[in-house]
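Just below is one structure, and these are the notes that go with it.
Chain letters run A, B, ... following the sequence lines, proteins first, then strands; residues in each count from 1. Values below: every heavy atom of this structure, side chains too, minus hydrogens, waters and symmetry copies.
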Number of protein chains: 2
Amino acid sequence: METKTAVRSLAGLAQDSRLSIFRYLVVCGPGGAVVNEIAEEIGLSGSTLSFHLKGLVHAGLAESFSEGRYIRYRANFSAMKGLIDYLTLHCCEGHPERCRPAKAS
Amino acid sequence: METKTAVRSLAGLAQDSRLSIFRYLVVCGPGGAVVNEIAEEIGLSGSTLSFHLKGLVHAGLAESFSEGRYIRYRANFSAMKGLIDYLTLHCCEGHPERCRPAKAS
DNA sequence: TCCATAATTCTAGCAATATAGAAATATGGA
DNA sequence: TCCATATTTCTATATTGCTAGAATTATGGA
């Protein structure tokens, strides 16, 4: 993962509402959730939620699919994996033991 | 790691200049670097650099130590590990294979 | 003591972000 | 076609973040 992408992913998650949304999508798994469901879970106005969902998609952390008049969002797990790998690599360059002293779980 | 802490860590890294500073500190290892050295590496005005170093410290991602008239900064590797663990856990809740399909490196 | 150097804080301006109400768009069903 | 529902976009506002020049503080050396 490029540094530019990493910054965008980090920024995507670096906010209470967005991290909550993303975490909820993660819990939902590959089935994702439609907007209304997320709104009930997170408790934000529709416009604010839409704003943040757009942010997550733009950051590559979520994807959306039309489903009739519903729109389903789903976490992008591979983007997440990419971010974790980036952090693991660039936090530990040449010194893996510093960041992952315990066994990889 | 608590979610609040995670957001703070993510925000600490979610910016070009700060991520560059942090990555440089990581490369420096436990020896860290003094401010002037970082400034030459990153190329920011003193005040801006100071502003971001404060941000990293506030986010728990770096620590500072007086050294005569120099101030040495060092990456906080365990905070980084905490963040990676948080992301690994909450990105994969109940579905570890989704985010770490390959072997843990 | 006086000066040069290291770093921070102060100040100010500009850009970006977060929020929500209102209006607009789109879909499915009666 | 008309309406209710789902979601987004528009608009506006308040807050926060990024940047750097100038002033300030602190240290070590001559």
Taking the side chain from A/S50 and the backbone from A/G46, do they hold a donor-acceptor pair closer than 3.5 Å? no
Atom-to-atom span, NZ of A/K54 to P of C/dT19 - whole angstrom: 15 Å
Examine C/dT17: is either OP1 or OP2 under 4.0 Å from a nitrogen or oxygen in the side chain of A/R18? Give yes or no. no
What is the separation between atom CZ on B/F51 and atom P on C/dA12, rounded to the nearest whole Å? 17 Å
Closest of C/dG21, D/dG17, C/dA7 to the A/S47 side chain is C/dG21
Whole-Å gap separating C1' (C/dG29) and OH (A/Y70): 11 Å
Looking at A/N36, I'd like to know whether one of its side-chain N or O atoms comes within less than 4.0 Å of OP1 or OP2 on D/dT5. no
Counting heavy atoms from C-beta on, name the nucleotide in D/dC18, C/dT8, D/dT8 closest to the side chain of B/I71. C/dT8
For a quick check of understanding: with a heavy-atom distance under 4.0 Å over all strands, which category does A/R72 fall into, base, sugar-phosphate or nothing? nothing
Under 4.0 Å, counting only non-hydrogen atoms across every strand here, what does A/G68 touch: a base, just sugar-phosphate, or nothing? sugar-phosphate
C/dA20 base / A/T48 side chain donor-acceptor hit below 3.5 Å: yes
Could you tell me whether the side chain of B/E2 and the main chain of B/K4 form a donor-acceptor pair under 3.5 Å? no
Using only atom types and a distance under 3.5 Å, with no angle test, would you say the side chain of B/T88 pairs donor to acceptor with the backbone of B/I84? yes
Taken to the nearest whole Å, CD/B/E40 to C1'/C/dA6 is 12 Å
In whole angstroms, how far is the P atom of C/dG21 from the CG atom of A/L44? 12 Å
Under 4.0 Å between a side-chain N/O of A/Q15 and OP1 or OP2 of C/dT19, yes or no? yes
Between A/R18 (side chain) and A/L53 (backbone), is there a donor-acceptor pair under 3.5 Å? no
How many whole angstroms separate atom CG of A/L53 from atom C1' of D/dT9? 14 Å
Closest to the side chain of B/R69, out of D/dT19, C/dG21, D/dG28, is D/dG28
In whole angstroms, how far is the C1' atom of C/dA6 from the CD1 atom of B/I38? 12 Å
Between C/dT9 (P) and B/H52 (NE2): distance, integer Å: 15 Å
Measuring from A/L61:CG to A/Y73:OH, what's the distance to the nearest 0.5 Å? 13.5 Å
With a 4.0 Å cut-off on heavy atoms, is A/S17 in touch with a base, just the backbone sugar-phosphate, or nothing at all? sugar-phosphate
